[in-house]
There are 6 protein chains.
Amino acid sequence: MTTDPFFHPVSGFDLPRFAGVPTFMRLPHIPPEHPRFAELQIGLVGVPWDSGTTNRPGPRHGPRQLRDASTMIRAQHPVSGLRPFETANCADLGDVGPNPADIPDSMDRITAFYERLVGAGIRPLTAGGDHLTSLPVLRALARERPLGMVHFDSHTDLYHAYFGGTMYTHGTPFRRAVEEGLLDPKRVVQIGIRGTMYDAEDRDFAASAGIRIIPIEECMERGWAEVMAEARRIVGTGPTYVSYDIDFVDPTFAPGTGTPEVGGPNSFEALQVCRALSGLDIVGADLVEVSPPFDASGGTAFLGASILFELLCAMLD
Amino acid sequence: MTTDPFFHPVSGFDLPRFAGVPTFMRLPHIPPEHPRFAELQIGLVGVPWDSGTTNRPGPRHGPRQLRDASTMIRAQHPVSGLRPFETANCADLGDVGPNPADIPDSMDRITAFYERLVGAGIRPLTAGGDHLTSLPVLRALARERPLGMVHFDSHTDLYHAYFGGTMYTHGTPFRRAVEEGLLDPKRVVQIGIRGTMYDAEDRDFAASAGIRIIPIEECMERGWAEVMAEARRIVGTGPTYVSYDIDFVDPTFAPGTGTPEVGGPNSFEALQVCRALSGLDIVGADLVEVSPPFDASGGTAFLGASILFELLCAMLD
Amino acid sequence: MTTDPFFHPVSGFDLPRFAGVPTFMRLPHIPPEHPRFAELQIGLVGVPWDSGTTNRPGPRHGPRQLRDASTMIRAQHPVSGLRPFETANCADLGDVGPNPADIPDSMDRITAFYERLVGAGIRPLTAGGDHLTSLPVLRALARERPLGMVHFDSHTDLYHAYFGGTMYTHGTPFRRAVEEGLLDPKRVVQIGIRGTMYDAEDRDFAASAGIRIIPIEECMERGWAEVMAEARRIVGTGPTYVSYDIDFVDPTFAPGTGTPEVGGPNSFEALQVCRALSGLDIVGADLVEVSPPFDASGGTAFLGASILFELLCAMLD
Amino acid sequence: MTTDPFFHPVSGFDLPRFAGVPTFMRLPHIPPEHPRFAELQIGLVGVPWDSGTTNRPGPRHGPRQLRDASTMIRAQHPVSGLRPFETANCADLGDVGPNPADIPDSMDRITAFYERLVGAGIRPLTAGGDHLTSLPVLRALARERPLGMVHFDSHTDLYHAYFGGTMYTHGTPFRRAVEEGLLDPKRVVQIGIRGTMYDAEDRDFAASAGIRIIPIEECMERGWAEVMAEARRIVGTGPTYVSYDIDFVDPTFAPGTGTPEVGGPNSFEALQVCRALSGLDIVGADLVEVSPPFDASGGTAFLGASILFELLCAMLD
Amino acid sequence: MTTDPFFHPVSGFDLPRFAGVPTFMRLPHIPPEHPRFAELQIGLVGVPWDSGTTNRPGPRHGPRQLRDASTMIRAQHPVSGLRPFETANCADLGDVGPNPADIPDSMDRITAFYERLVGAGIRPLTAGGDHLTSLPVLRALARERPLGMVHFDSHTDLYHAYFGGTMYTHGTPFRRAVEEGLLDPKRVVQIGIRGTMYDAEDRDFAASAGIRIIPIEECMERGWAEVMAEARRIVGTGPTYVSYDIDFVDPTFAPGTGTPEVGGPNSFEALQVCRALSGLDIVGADLVEVSPPFDASGGTAFLGASILFELLCAMLD
Amino acid sequence: MTTDPFFHPVSGFDLPRFAGVPTFMRLPHIPPEHPRFAELQIGLVGVPWDSGTTNRPGPRHGPRQLRDASTMIRAQHPVSGLRPFETANCADLGDVGPNPADIPDSMDRITAFYERLVGAGIRPLTAGGDHLTSLPVLRALARERPLGMVHFDSHTDLYHAYFGGTMYTHGTPFRRAVEEGLLDPKRVVQIGIRGTMYDAEDRDFAASAGIRIIPIEECMERGWAEVMAEARRIVGTGPTYVSYDIDFVDPTFAPGTGTPEVGGPNSFEALQVCRALSGLDIVGADLVEVSPPFDASGGTAFLGASILFELLCAMLD
């Protein structure tokens with residue numbers, strides 16, 4: 001299949017990669033009001049929002065830096081040979097406009113935006129934003145039925161509440177998502193979990209709900225191929241969401257994030273795990289917690305853009 | 001007057017300045033529950049909070065970086081010769097614990113903390129936090145009567161609302177403070193205002209309420225001595241609050257802030273204006289909007305610590 | 001006059017400034033092939049090109065970083081009150097695609113792009129690129145008659161050749177422009193010149209051609225008001241180009257440039273000189289030599305964006 | 001066993017991790033003169049001193065940056081489940097005050113401080129400082145009998161002298177310690193040694209004294225599990241010191257150090273080797289050579305804080 | 001064999017490594033006009049040139065930063081024990097003076113310089129410069145007969161042309177070299193290739209010419225020992241050039257480069273592959289694409305200097 | 001007078017400024033053992049030493065970074081037109097090799113080196129190194145008779161001792177120099193003094209000895225022209241040393257230093273004061289306290305190199 005060249009990114013052979021208004025992967029910018037919006041199959045969306053961050057802020061700047069770094073991405077996958085932009089109509093849908101000083105208002109705005117995508121049959125690939133972003137996205141995507149989820153992270157994000165009762169932070173989205181019936185906990189797998197712990201409240205919830213946690217030590221011992229095979233078994237053939245927190249990756253490879261945990265996978269492994277997702281029924285995916293203020297060299301954003309490309313290919317392969 | 005040596009900072013002649021647990025100006029750490037709390041006259045307080053930030057976040061990290069930089073401060077003012085720590089009992093009271101994901105809750109926590117200081121007769125010198133910090137502080141300090149204010153900033157922070165009705169952000173604190181009767185607008189002067197404008201809504205409010213705005217161009221033309229003389233006339237002899245937004249200073253001298261505006265005063269002028277406050281009836285002061293993630297060299301924090309020292313001396317001279 | 005809202009930038013009150021695909025000053029992106037191109041009066045153009053750089057490279061990255069920083073710019077000038085985007089139809093025309101490995105080819109591409117603007121009656125405001133950029137731009141703008149020029153810089157860029165005969169570098173554009181009849185040397189003034197010198201060959205050429213050089217020491221002694229009054233007299237009422245090399249500004253305020261010279265104007269003066277251009281017959285303007293790889297904090301780009309806004313207002317006031 | 005809550009760190013669920021005066025792991029600050037000093041079992045001590053550094057200086061700033069980063073550490077070990085602060089009374093004892101311009105004076109100050117700990121039965125966990133720090137610490141700890149040592153480093157630090165006879169530098173501490181009878185060379189193992197060599201003088205000394213050196217190439221080939229098993233055999237059940245030079249870790253993971261050597265372990269391995277120390281009779285441990293001026297992102301300090309937590313758990317497990 | 005001490009670097013035991021005018025590895029600076037030039041066997045040459053760069057510029061600054069970092073290198077290889085400076089007369093020959101604004105002129109200058117080395121029987125070890133550097137070097141070295149090549153890189157650099165026909169860029173040198181008969185494609189192996197692709201034009205050329213490409217995925221799966229054994233078989237015993245693009249290494253370990261590709265080897269592997277070259281008939285080697293403006297911490301340069309040392313030892317072992 | 005071209009720096013028109021082994025101002029490297037040493041009139045010397053630093057270390061790296069930055073310096077002074085390298089035989093003499101771990105040994109090495117210069121009639125221009133450097137230099141230069149001194153600094157460096165009796169630190173050199181009879185206190189002027197004070201011990205000493213201190217506030221009020229006129233009167237026509245601590249300049253312009261004090265002169269003023277020294281009998285000069293680890297952008301070094309050029313011209317004008 002070859003798509004309409006209107007939807008193809010400009011090549012670095014024609015326009016140097018540092019030139020041009022930066023959109024995700026140099027795709028056309030097609031916001032919902034654009035006349036060709038309805039032709040899209042995959043929409044890349046930015047959610048510049050970090051009000052749920054309990055620690056070091058910054059992911060509100062993520063989408064812009066990811067757009068910038070993503071102009072380094074070319075047209076073809078080096079291993080599979082897939083040319084995603086010729087396989088499906090893809091575009092940069094722009095950013096959801098958040099309200100930095102009002103969490104519920106922001107969540108409503110996000111859900112409303114994604115409902116429009118769902119209505120148009122466009123699968124979203126999201127660039128966050130902090131991890132609370134996933135919750136309002138899931139509210140739109142899982143309206144009909146709970147989803148399975150492959151979740152790459154160093155944290156479970158399954159806590160009940162922070163600071164004496166605050167229920168909506170970047171440490172709680174998946175607890176809420178399970179409670180709201182957006183995720184089927186039996187089809188949820190969390191990979192790469194590590195770091196010092198407050199306590200075991202999140203692990204206890206996971207155990208009781210049926211969520212499978214694979215700590216980093218187990219990943220390192222069994223190898224990524226085996227871990228990903230198990231992950232595929234857990235989510236099975238049903239509709240699945242992929243949520244990729246950049247802090248899954250070791251902070252030396254991805255310093256630009258708010259709550260790093262040392263001892264994680266390297267950048268080769270960071271891509272490898274995405275390649276193992278091909279063939280799943282991925283209804284949406286996100287990459288979150290890229291925090292440019294802590295990414296002096298821009299390396300995190302470039303790794304993030306590479307991960308977004310891998311996720312895109314996994315959604316299309 | 002010489003105070004109890006218990007309240008004196010350790011000298012850099014005895015312990016090198018890079019050594020030791022960093023408190024504000026190497027003062028003893030005396031939280032409210034400390035037995036000698038009641039003896040204090042001036043309390044240095046950190047408010048690590050930036051949930052009101054509509055643009056680039058980071059001031060939640062301000063107090064810690066200001067503590068670190070402030071270990072460079074010595075015992076004596078170079079011009080007046082004042083030795084503030086021998087003039088009044090000063091201490092680091094620690095930080096107010098905010099709730100990063102809940103603005104009203106955080107404001108209540110802040111006000112409650114400062115009411116304790118007011119009750120104990122301790123004048124606060126605050127290290128923010130974003131500029132919304134000033135509002136809950138004023139709620140405690142101005143409970144009895146409205147205050148005058150000398151306000152150094154590049155922005156008026158007098159807007160009505162953001163994002164379609166959000167009333168509590170770092171761009172609105174003094175609009176709220178006037179509305180709540182915490183400030184007497186006739187005794188408020190805003191100095192150094194500059195930068196491109198959304199519109200004139202804030203200026204119109206100031207004009208109708210009687211707030212005096214002195215734009216940077218007027219400061220540069222008349223000179224700081226004359227501007228500060230006018231500021232002193234405006235606040236007069238009544239109780240006065242001093243609010244110092246680090247973005248008053250040119251962003252080359254103070255890059256570590258979220259909403260910089262080029263074309264401001266240099267670091268010599270940044271200190272000079274504080275020295276012109278001596279003798280006023282200062283019931284409290286703050287330095288806000290120091291944002292370490294945008295302050296790679298630490299220079300903003302060191303300038304901020306120097307300003308805090310000048311404000312302290314102005315409160316005691 | 002109020003322009004069609006289609007051409008108005010989105011406000012930071014509606015969409016936070018860190019959100020959205022970054023165009024110059026958040027203007028609509030209207031490349032020449034856009035249906036509303038013909039309605040434009042001012043076009044902001046990026047020229048991401050630095051092949052003429054003899055020293056530290058990087059200005060090829062300038063346009064993108066300037067776009068990013070320019071999302072901090074609001075709608076109204078703080079001193080004149082001018083609202084430029086309501087005064088004329090402005091847009092981001094995108095970047096001219098250069099050929100980084102071929103100087104003559106790149107110059108031809110640039111001239112061709114600007115001829116299209118001239119043909120459409122659109123005045124260009126250019127974000128470079130190194131200073132060689134000005135030459136192909138002038139070739140399009142001065143086709144009909146030589147222009148006067150107000151040139152802010154620390155270097156004269158009037159050298160004959162480098163490296164044994166290379167005639168097209170960022171140190172030679174105005175020598176070529178005079179030779180090609182694009183500039184009327186009697187109507188050219190160079191302001192802020194400073195730094196150690198190879199020799200006096202450039203000064204000798206200026207003297208013999210009638211170009212007026214005002215070194216920084218003279219600026220500091222006479223004051224900017226007087227200097228700018230002389231500059232206005234020199235260019236008079238004829239068609240005038242404004243070329244602003246960011247290294248005019250002191251490198252502490254603008255570190256992100258390739259050939260800094262210490263001892264220049266501060267950021268307040270950097271804006272002030274632009275404000276003194278109002279009323280001239282400005283047929284085009286550029287800001288060049290912003291080099292992001294040497295601008296770790298982004299401060300140079302933000303100052304550059306502020307200068308672009310001032311130049312835009314000067315073109316419309 | 002659960003310890004007195006007085007000795008428990010504040011939780012990030014209660015006070016955000018960026019808030020509060022930063023002590024090691026948010027423990028109470030209990031200097032020797034504190035009334036509850038005698039109740040301590042483990043003391044975290046800073047030694048902000050780098051006068052023995054022959055190359056790039058900076059570790060004098062290590063303790064403060066490690067305190068800052070260590071506020072990211074939570075209460076429970078992710079693998080063993082150990083909650084160290086509930087297992088033993090731990091505290092931040094503050095810094096030993098060095099004399100930056102006098103090496104012998106500084107060494108005496110350090111030894112005197114640690115003798116106080118030995119006298120009180122408190123096991124020290126030290127944050128350096130350069131590697132010369134270990135020598136005066138060992139003089140206090142090994143007063144009674146020589147110790148075994150597990151030493152992680154890229155250098156042996158066994159040289160005789162520098163610069164024509166200077167015997168006390170960060171390249172000589174363990175040569176001196178063996179000569180002074182503080183270490184039993186037969187129970188000393190050095191792990192991770194690598195990098196270009198001046199000559200083989202240090203290796204020759206090690207061979208003749210019986211010190212076992214395991215170069216990085218051997219570690220990579222045999223695997224860390226086997227290497228650490230050998231290390232445990234070497235030190236056996238006797239009293240053992242652990243000295244961890246951050247330059248053991250690859251400089252990409254730990255750039256903030258003075259004498260990096262490429263080709264070292266990653267951050268997962270950096271933690272793994274500590275976990276293999278559990279059960280040894282560890283009488284003290286140190287982490288040295290963290291140099292904040294070369295650690296722009298703070299990543300080295302965060303890795304260092306994570307290593308300190310692992311060492312603490314190894315001392316208690 | 002021990003060489004004349006005149007050619008030995010000064011030791012860090014005598015002069016601290018931060019002291020002295022920085023030459024490559026602290027060797028004597030012996031430009032071609034030096035009286036002892038003819039005694040040299042190995043010449044370290046800088047080529048500060050990046051005009052062929054199509055993406056992010058900067059390698060023109062590489063040689064100077066590599067010289068600085070290389071003062072950290074000591075006299076002896078840690079594994080083989082080789083002391084290269086006592087094995088052959090080595091020196092820093094200085095830099096070839098390029099013409100940054102003229103590609104053909106620069107290539108001629110480079111070839112002329114290297115022809116002088118060939119004439120004197122000096123084998124060159126080059127510090128680039130971008131990868132186009134290798135072409136003019138090969139023109140001098142392969143004048144007599146085509147060479148084999150071991151090429152470490154993430155890109156093949158085998159493209160035909162950029163930007164509509166530009167044939168000399170850093171993405172084309174080895175296409176040209178094969179076409180010019182400088183390389184025997186059957187004796188060329190490219191190792192570590194990865195990253196998104198424009199298309200397969202380069203791979204097609206390689207396949208038809210007989211060049212062996214070993215992508216990173218194959219390296220990771222087979223292991224470096226096996227990959228290098230194959231590489232040795234491919235180049236065989238004939239004269240061989242080694243070209244090492246620093247972007248072969250993962251960009252977290254080597255951020256200072258213009259066109260990074262995530263997912264590459266770590267720094268241990270980066271050295272390991274060089275050690276596997278010992279015994280080949282290496283007639284010259286280069287390390288290219290080190291770009292200091294993107295190497296804030298200097299870590300890339302230090303890794304690069306370590307690689308240069310490994311290449312030097314491989315040339316002498 | 002025109003000097004032998006052997007002593008002329010290479011021009012940036014011939015060899016780009018980023019190319020070549022970096023010596024001070026691209027001068028020939030002529031250590032004392034060089035055959036043409038005796039022909040020199042001015043020697044630029046590096047003293048990479050900071051063992052006297054009581055606060056943040058780093059100036060040991062100053063000479064190398066100053067060499068690098070100084071390759072930006074050209075041949076002619078922009079105001080006076082002086083071409084110093086054609087006026088006197090100048091060279092880079094290399095660095096004095098210090099002993100980083102032994103202060104007295106280092107001081108002896110420095111004095112011995114400078115005695116050689118004195119013996120050869122070469123006037124030294126020194127790049128430090130911390131401010132203790134000036135003391136061993138003065139011991140060589142003032143052997144015959146006490147010198148006058150113009151001292152630019154924010155600190156007096158006149159303290160008696162630190163840390164309970166340590167007499168040789170970078171805060172004490174001029175106290176020692178007066179005591180040792182190396183300086184005639186009546187002919188010493190200290191300009192730009194500022195910052196918070198420990199106490200007034202240094203001022204009291206200055207007052208009793210007859211040293212004139214001109215605090216920054218007085219400089220700002222009277223203007224630099226008047227201040228420098230007074231300075232010239234104080235040192236008169238006798239032999240004079242110039243000592244320039246980079247922390248004289250405001251830390252925003254010169255962040256790369258260990259003990260910054262905000263509120264100092266800008267970079268224009270930093271040069272201006274040097275120009276006011278012309279005609280004095282300058283027997284030697286130094287620029288000290290440039291600390292590269294705190295100078296991320298390199299701007300301090302470039303300012304420092306510009307100051308060195310001004311000092312050189314002042315010595316020759």
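Here is the naming used below: chain letters follow the sequence lines, and residue numbers restart at 1 for every chain. Keep in mind the model is a prediction, meaning the values are calculated, not measured.
- Residue A:H151 forms a ring pair (Phe, Tyr, Trp, His ring centres under 6.0 Å) with just one option from A:Y244, A:Y241, A:F248, A:F174, and that option is A:F174.
- Residues B:S154 and B:D247 have side chains that bring a donor and an acceptor to within less than 3.5 angstrom of each other.
- Only the backbone of A:S51 comes within contact range of chain B, with heavy atoms under 4.5 Å apart.
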(message) With side-chain hydrogen bond (donor to acceptor under 3.5 Å, both in side chains) as the criterion, how do A:D295 and A:T300 come out once you've worked through the C-alpha distance, each side chain's angles and the decisive distance to 0.1 Å?
(response) CA-CA 6 Å; A:D295 186 31; A:T300 309; 2.7 Å; yes

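- In this structure, a donor-acceptor pair under 3.5 Å is absent between the side chains of B:S291 and B:H61.
- The only option from A:R60, A:R64, A:R109, A:R67 that meets the salt bridge (charged side-chain N to carboxylate O under 4.0 Å, His left out) definition with A:D95 turns out to be A:R67.
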(request) Kindly determine whether A:T54 and A:H170 satisfy side-chain hydrogen bond (donor to acceptor under 3.5 Å, both in side chains), including the steps that lead there. (result) CA-CA 7 Å; A:T54 61; A:H170 69 156; 3.1 Å; yes

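- Comparing B:T53, B:D105, B:D50 by heavy-atom pairs within less than 4.5 Å of chain A, the highest count is held by B:T53.
- Residues of residues 128-139 of chain B lying under 4.5 angstrom from chain A, judged on non-hydrogen atoms, do not exist.
- Per-residue heavy-atom pair counts under 4.5 Å with chain B were compared for A:T169, A:T166, A:D102, and the maximum is reached by A:T166.
- When B:P57, B:P293, B:P98 are compared by the number of non-hydrogen pairs under 4.5 Å with chain A, B:P57 comes out ahead.
- Here B:E201 pairs with B:R175 in a salt bridge; the nearest charged N to carboxylate O distance falls below 4.0 Å.
- Put simply, the side chain of A:V118 reaches to within 4.5 Å of the side chain of A:L141, judged on heavy atoms.
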